[in-house]
Amino acid sequence: MSEMPMPSARVNNDIVALMPTLRVFARRFAKTDTDVNDLVQESICRALASIDQFKTGTSLQSWMFTITRNRFCTNYAQRTRESCGSVTDVACYEIAALPSHDWVMRSGDVEKALKKIGNAEREAILLVAAEIFYEEAAISCHCKLGTIKSRVSRGRLHLANLLGDDTVVSASSLS
């Protein structure tokens, strides 16, 4: 393992004198004080490790700013490549929305089932599904309010049966 070259006392003092300026410069990249201090510390460590590459007579401040910027870019690239969290398998992620093709297929099944139920029940269900009030649906179908409610209830049960949905229970079967 090679030893780190010892910086001259003058360069060492100049680096210490640059620390407040480096913090201000690092603030462009990092928002929290902790991140700023970490970036400045990493930059100083890099500079001291590469002090033999510094050419006397050039601007130490520019050299340190370049190291700080490059250190930030390297850290940023590493953060964007690394995944956050513990989920490593894409199959574990929840799907934000169900695939639409399932609904398209289901709507076709509903249309076929609607054709198989009686006209009165179908008309009542379609009116209520179109957000028509029961009272208005009864007037439209030339029947009483109770009749339209019965037609909708029976129609729902028939549709559920035809579609294989066992979760719909008849009100009469509850008692």
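Since we're looking at a predicted model, the values are computed, not measured. In what follows, every heavy atom counts, from backbone to side chain, and hydrogens, waters and symmetry copies are set aside.
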Q. What distance separates Leu18 CG from Leu60 CG, expressed to the nearest 0.5 Å?
A. 5.0 Å
Q. Less than 4.5 Å apart, any side-chain heavy atom of Leu48 and any of Ile15?
A. yes
Q) Out of curiosity, Lys112 NZ to Leu114 CG, how far, rounded to the nearest 0.5 Å? A) 12.5 Å
Side chains of residues 24-31: which donor-acceptor partners sit under 3.5 Å, not counting sequence neighbours?
from  : atom 1 : to    : atom 2 : distance (Å)
Arg27 : NH1    : Lys31 : O      : 2.6
Arg27 : NH2    : Asp33 : OD1    : 2.3

Q: Report yes or no: do Asn37 and Thr34 form a side-chain donor-acceptor pair below 3.5 Å?
A: no
(Q) Do the side chains of Glu121 and Arg151 get close enough for a salt bridge, i.e. N-O under 4.0 angstrom? (A) no
Q) How far apart are the closest heavy atoms of Leu162 and Ala113, and which atoms are they? A) CD1-O, 3.5 Å
Can you list, pair by pair, the side-chain donor-acceptor contacts under 3.5 Å of residues 38-45, counting residues two or more places apart and other chains?
from  : atom 1 : to    : atom 2 : distance (Å)
Glu42 : OE1    : Arg71 : NE     : 3.1
Glu42 : OE1    : Asn75 : ND2    : 3.0
Ser43 : OG     : Leu39 : O      : 2.8
Ser43 : OG     : Thr68 : OG1    : 3.1

Q) In Å and rounded to the nearest 0.5 Å, what is the CD to NZ distance from Glu111 to Lys116? A) 13.0 Å
Q: Show your reasoning for whether side-chain contact (heavy atoms from CB on, under 4.5 Å) applies to Trp63 and Ile51.
A: CA-CA 10 Å; Trp63 189 64; Ile51 198 68; 4.1 Å; yes
Q) To the nearest 0.5 Å, how far apart are CG in Asp14 and CD in Gln61? A) 11.0 Å
Q. Is it true that a side-chain atom of Ser50 and a backbone atom of Ala47 form a donor plus acceptor pair closer than 3.5 Å?
A. no
**Q.** Point-to-point distance, once rounded to the nearest 0.5 Å, from CZ of Arg122 to CG of Leu159
**A.** 10.0 Å
**Q.** Residue pair Thr58, Lys55: steps toward the side-chain contact (heavy atoms from CB on, under 4.5 Å) verdict
**A.** CA-CA 6 Å; Thr58 60; Lys55 293 180 176 75; 4.1 Å; yes
Taking distance alone, no hydrogens or angles, what donor-acceptor pairs closer than 3.5 Å link side-chain atoms of residues 126-148 to residues at least two apart or in another chain?
none

Q.
Please determine whether residues Leu157 and Val152 belong to a single hydrophobic cluster, defined as Ile, Leu, Val, Met, Phe, Trp and Tyr linked transitively by side-chain heavy-atom distances below 4.5 Å.
A. no
